[in-house]
Every structure is written in structure tokens, then in C-alpha cells.
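Okay, structure first, notes after.
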Amino acid sequence: GEHHQLSAIGTLLRSSSDETRIDEGFVESAELISRFIKLEWEENELWSRQLTGSHAFPALSNLKLDWVYTRADASRDAPRSVELRYDRVDDVTDRDPFRFSSRSDSNGTSYGLLADASESGDLNVKLPLSFNDQHALTVDLGGSRLRRDRDSSIRRFEFRPSPLGFISNDPDVVFNPPDTVFDPANIGPRGWILQEVTRNTDAYVATQSLDAAYLTLDYTWTDRLRVN
């Protein structure tokens, strides 16, 4: 109606990214050139809903009331992120000189999930009071509340050479692309062993609470004095 307004807004945002990157360079020493391979797929989503209201009450000294309620849910899903390292071997001439690295940080695969939910509300009230032609007082008061929860987890895995290490040291294997290095036939006691290396800090649950309130008084006496 004339003195009451309601509105609703909904927003859905989704984005996905597929990254394949190959870099060559050195980290510790310029004499050791390495090739770094990164494969990552990531999905992000934000679903927000908001209700707002504005109300005026002329019969109550033009009392005005405004409120907002918001609910938002966000998520991130990284179903498989892979990082690999190859090191160049200078005396190799009959094939690609990059060998799958024997370093402990030569490879890593991670799976990540994050869910975030927030709920908030705001209320504002304004009451103008006029005592006569010379004195007026406006009262503003309101408050807000925020509640937010987050759940995040990551699991990490690495392929490490078996103590027997026959396949993991075979030049016909380690000088090949990742699909050949980690062929199912090369996984096992004579090749690579999959181990979980998830850290204690890779998963957490968090909660945030915030409450606020305010009160203001605005007094005017004609055009000579104003106090708030």
C-alpha cells in the first residue's frame, strides 16, 4: 500500500574454472631446471536471498520502520587438484630430458570442500516528535544480528616410491608423462604407493556471532540550536 512496501531479491552465482598450467624454471638453484605441472578444477556457488520492508505509520507521529533479512549460502568444491614436478637431467639426449622428480614434494593430489552459511537481520525505527513550532525531537533506534557458520576440509595424498623401488627408478617410466608414470600397473609394492598426508590444520569448523544496537536523539530548537 501507500505506507507499506515489501521486496524480495534472490541472487544465484555459479562459476567453474579448469586450469592446466606448465611452468619451467628453477627454485633453489639456477643449475637445476624443473618443470611444474598443475591441474585444477574448481566450482564456486553463492545463493543469496533477501527480504526488505519499509513501513510508515502516520497515525503514530509518522513512525517509520525499516527491516532487512538476508540469508546467504556459499560453497567451494575442488574435487581434484594435482601438482607434479619434473627435474631436468642434462646428460640425457635420446629422450625428453625431464625426469619425474625423486624429491619428497614431487607430487600432490588434494580434494577440498568448503561450505559457508550466514544469516543476518537489521531493524531500524525512526520516530519524529514535534512539541510545538520551536521544539522537535527525532528518535532513531535499531539493531542488527549476524550468525555465520563455516565448515572447511581438505584431504591430501602423495605417491611415494616403494622401498623396493624397481619401477619408480626405471628410466622407461620416470622419463614419461604423468599418465605413464602413474599407470595402474606401476602402483604397488614394486612402484608407487599412495599415502595420505592430510595435515591437522586442513579441516576446521568456525562460527561467528555479531549483535549490535544503537540509539540516537536529535533535538532542534528552531534554527538556533541542534543537539544530537
Identify, with sequence neighbours excluded, every residue that meets ring-ring contact (aromatic ring centres under 6.0 Å, His included) alongside F36. none
Quick one: list whatever passes ring-ring contact (aromatic ring centres under 6.0 Å, His included) with H3, sequence neighbours left out. none
Test: ring pair (Phe, Tyr, Trp, His ring centres under 6.0 Å). Region: residues 158-181. Which pairs qualify, not counting sequence neighbours? F159-F182
Given 3.5 Å as the limit, does a donor-acceptor pair link the side chain of [X] with the main chain of [Y], or not?
X: S162; Y: G191; value: no
X: S61; Y: P128; value: yes
X: D211; Y: R145; value: no
X: W41; Y: S16; value: no

Salt-bridge contact [X]-[Y] (side-chain N to carboxylate O under 4.0 Å):
X: R156; Y: D202; result: yes
X: R76; Y: E42; result: yes
X: D66; Y: K64; result: no
X: D140; Y: K126; result: no

Give the C-alpha distance, both sets of side-chain angles, the deciding distance and a yes or no for side chain to side chain contact (heavy atoms under 4.5 Å, CB included) between T70 and S48. CA-CA 7 Å; T70 305; S48 174; 4.3 Å; yes
Evaluate salt bridge (charged side-chain N to carboxylate O under 4.0 Å, His left out) for R103 paired with E28, printing each intermediate quantity in order. CA-CA 13 Å; R103 293 168 54 103; E28 297 90 357; 3.3 Å; yes
Grouping I, L, V, M, F, W and Y whenever their side-chain heavy atoms are under 4.5 Å apart, do [X] and [Y] come out in a common cluster?
X: Y219; Y: F131; answer: yes
X: L210; Y: V205; answer: no
X: I9; Y: L51; answer: no

Which pairs, with at least one residue in residues 185-195 and sequence neighbours excluded, count as a salt bridge (charged side-chain N to carboxylate O under 4.0 Å, His left out)? none
Can you list every pair that meets salt bridge (charged side-chain N to carboxylate O under 4.0 Å, His left out) and has a residue in residues 4-22, with sequence neighbours left out? R14-E45, E19-R21, R21-D23
To check you understand the geometry: which heavy-atom pair defines the closest contact between D122 and S144, and what is its length? OD1-CB, 2.9 Å
Does R148 have any side chain to side chain contact (heavy atoms under 4.5 Å, CB included) partners at least two apart in sequence or in another chain, and if so, which? D116, S118, R150, Q208
For D149 and R147, run salt bridge (charged side-chain N to carboxylate O under 4.0 Å, His left out): C-alpha distance rounded to whole Å, both residues' side-chain angles, the deciding distance at 0.1 Å, then the answer. CA-CA 7 Å; D149 298 299; R147 296 293 182 267; over 6 Å; no
Check this for me: E31, atom CD, are more than 12 non-hydrogen atoms of other residues, nucleotides or ligands nearer than 6.0 Å? no
Quick check: are there more than 12 heavy atoms from other residues, nucleotides or ligands sitting under 6.0 Å from CZ of F57? yes
Would you call the rings of H4 and H55 parallel, tilted or perpendicular, taking 30° and 60° as the class edges? tilted
Positive for side-chain hydrogen bond (donor to acceptor under 3.5 Å, both in side chains) with Y69, one of Q50, E119, R49: E119
